Engineer: 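Before I ask anything, here is the structure I am working with.
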Protein chains: 2
Amino acid sequence: MMLSRPVSSQLDEIDRTLLTLLQDDASTSHADLAQRVGLSATGVHKRLKHLRQGGYIKKVTAVLDRSKLGLDLLCILKVTFRGNLQPDNLAELQRCIQALPEILECYTVTGSSDAIIKVAVRDHVALRDFLHRLSTQQQAIERAETCIVLQELKEGGELPLGNA
Amino acid sequence: MMLSRPVSSQLDEIDRTLLTLLQDDASTSHADLAQRVGLSATGVHKRLKHLRQGGYIKKVTAVLDRSKLGLDLLCILKVTFRGNLQPDNLAELQRCIQALPEILECYTVTGSSDAIIKVAVRDHVALRDFLHRLSTQQQAIERAETCIVLQELKEGGELPLGNA
DNA sequence: GATGAAATGTTTACTAA
DNA sequence: TTAGTAAACATTTCATC
C-alpha cells in the first residue's frame, strides 16, 4: 500500500512550475503564483517552504546591471596549470577566488584547460591589474588565455525544468 | 555654479551597500536593510525604488540547486565557426539559444574560439542528445570542444561593488 | 490543501530639514 | 532633494478545519 510521500519527495509539475516562475521573478506574490498554478496562496506558501527547506531554492538574489555599475569588461579566462589540477594548485586557486572579487565564476574542467574563470572589470586597465594580481597569487599558472566577451547572447542561466 | 544632481545620479556608498546586501539575499526586509545602512525603512524603500527604476537592479531571481533538480552535468563548450562570427552564424546561434533550453549562458568572444556556451544537462546521454541537436541546428560549427565541469569553485557571479 | 485571522512587510502622504 | 513619522495597504504566516 502506498503511504504518504517521503519528506524529501520528488517534485511534481506544480513545484516545477513554481520554480520556473520564481527563476523569472522571485518577487511575485504568493497570490499571483497561486492563480497561475491553480492553488490557494497558502498552498503556494507551503510548497515554497518545502522547496526552500529541501534546498531546491538555494537563495534569492538581485541581478544587477554590470554596465550601469561600471563593470563593462567581461572576460573568460582559460587557465592551465603546471602539474594540472594537483591539490596545491587547487588550494591556491581557491585562495585566489577569495582574494580577487573580480572573479564571478570559476570552474575546474576537463579538456585543454584546467580551469575556466569569468571575470568582470571596469576597463582594460583594471584587467591588466587583475591579471597581474592573478599571476602573482597563482604561481603555478602555465598559461592563461584571456577571452574578451564581445556579446552576451544569454546570461543568468535559468534552469530548464520542463523535463526535470 | 554646481546645480542639483541629474535624475539618474551617481550611486553613493549606501546605494552600493544596499545592492551588495540584495545580491546576497534579495528577500531581506526593508526594516533589516534599514538597520544595516543606518536609515529608516522608508529611506530604504525610496532608494530601492530609484535603483529599480534606474535599471541598476534588473531583476530578482531564485537561484536553484542544479543537482537536486537532476541537472548534474555542467559543461562549457568552446565553439569555433567556419567564417568566424559572420552575421549568418550569429543569427543561427541566436536561434539555437532559443531552441535549446539547456544553454544557460552564451557569449561571443575574442581568442581561439568564437563563442563560449555553458550547458546544464541530466547526464551523458542528455549531453550526447544536446550535442546532436546543436550540430544539427548550427550548421557552420567548425569545432566544439566540450569541457566537462569537475568542480564549481564559485558561481552565481555577484558583482564586486566596493570600488564601483 | 483551503479559510480566515494575526503578524509582518510595503508603500504612500505628509512633514521637516 | 532627501529622509523620517505614522497610517493605509498588501503580503506572508499560522491555527484550524
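Letters A, B, ... are given to chains in the order of the sequence lines, protein chains preceding strands, and every chain is numbered from 1. In this text the structure is predicted, and so the values were computed from the model without any measurement.
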Engineer: With clusters defined by side-chain heavy atoms of hydrophobic residues (ILVMFWY) lying less than 4.5 Å apart, directly or transitively, does B:Leu104 cluster with B:Leu73?
Structural biologist: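 No.
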
Engineer: Do any N or O atoms from the side chain of B:Thr80 and from the backbone of B:Asp114 form a donor-acceptor pair under 3.5 angstrom?
Structural biologist: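 Such a contact is absent between B:Thr80 side chain and B:Asp114 backbone.
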
Engineer: Ignoring hydrogens and geometry, is there a side-chain-to-backbone donor-acceptor pair from B:Gln138 to B:Arg95 under 3.5 Å?
Structural biologist: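 No: the side chain of B:Gln138 does not pair with the backbone of B:Arg95.
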
Engineer: Of the nucleotides C:dT10, D:dT2, C:dA2, which has the atom closest to the A:Leu39 side chain?
Structural biologist: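 Nearest nucleotide to the side chain: C:dA2.
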
Engineer: Can you measure B:Gln35 atom CD to D:dG4 atom P for me and round it to whole angstrom units?
Structural biologist: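 For the pair B:Gln35 CD and D:dG4 P, the rounded distance is 13 Å.
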
Engineer: Between protein and nucleic acid, restricted to nucleotides 13-17 of chain D and to nitrogen or oxygen atoms under 3.5 Å apart, what atom pairs and distances do you find?
Structural biologist:
from   : atom 1 : to      : atom 2 : distance (Å)
D:dT13 : OP2    : A:His45 : NE2    : 2.9
D:dT13 : O5'    : A:His45 : NE2    : 3.3
D:dC14 : N4     : A:Thr42 : OG1    : 3.3

Engineer: Take atom CG of B:Leu18 and atom P of C:dT10, then tell me their distance rounded to the nearest Å.
Structural biologist: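 Answer to the nearest Å: 13 Å.
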
Engineer: So which residues get pulled into A:Val63's cluster when ILVMFWY side chains under 4.5 Å apart are joined, directly or through others?
Structural biologist: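 None; A:Val63 is a cluster of one.
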
Engineer: Considering the terminal five base pairs at each end of the helix from C:dG1-D:dC17 to C:dA17-D:dT1, what angle separates the two local helix axes, rounded to 10°?
Structural biologist: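 Taking the rotation axis at each end, their angle is 20°.
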
Engineer: When you check the gap from the basic side-chain N to the acidic O, do A:Glu152 and A:Lys118 get nearer than 4.0 Å?
Structural biologist: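 Between A:Lys118 and A:Glu152 there is no salt bridge, as every charged N stays at least 4.0 Å from the carboxylate O atoms.
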
Engineer: Write down the distance between CG (A:Leu33) and C1' (D:dT12), rounded to a whole number of angstrom.
Structural biologist: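 Rounded to the whole Å, the gap is 12 Å.
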
Engineer: Measure from CG on B:Leu51 to P on D:dT2 and round the result to the nearest Å.
Structural biologist: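 About 12 Å, once rounded to whole Å.
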
Engineer: Report the C-alpha distance between B:Arg66 and B:Glu155 in whole Å, list the side-chain angles of each, state the deciding distance to 0.1 Å, and finish with yes or no for salt bridge (charged side-chain N to carboxylate O under 4.0 Å, His left out).
Structural biologist: CA-CA 12 Å; B:Arg66 246 197 309 277; B:Glu155 63 173 344; 2.9 Å; yes

Engineer: Rounded to whole angstroms, how far apart are CG on B:Leu11 and C1' on D:dT1?
Structural biologist: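 After rounding, the reported distance stands at 16 Å.
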
Engineer: Which heavy-atom pair separates A:Ala26 from B:Thr61 by the least distance, and what is that distance?
Structural biologist: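 Smallest heavy-atom distance, with atoms named: CB-C, 3.7 Å.
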
Engineer: So for atom CZ, which belongs to A:Arg36, do other residues, nucleotides or ligands contribute more than 12 heavy atoms lying within a distance under 6.0 Å?
Structural biologist: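 Open.
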
Engineer: Using whole Å, what does the distance between atom C1' of nucleotide C:dG1 and atom NE2 of A:His50 come to?
Structural biologist: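 For the pair A:His50 NE2 and C:dG1 C1', the rounded distance is 15 Å.
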
Engineer: Figure out the CG/P separation between B:Leu48 and C:dG9, and round it to whole Å.
Structural biologist: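 After rounding, the gap between these two atoms is 15 Å.
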
Engineer: Go through it in stages, so that I can follow the logic: the residues are A:Arg47 and A:Asp12, the test is salt bridge (charged side-chain N to carboxylate O under 4.0 Å, His left out), and I'd like the CA-CA distance, side-chain angles, deciding distance and then a yes or no.
Structural biologist: CA-CA 11 Å; A:Arg47 277 166 181 269; A:Asp12 65 11; 3.0 Å; yes

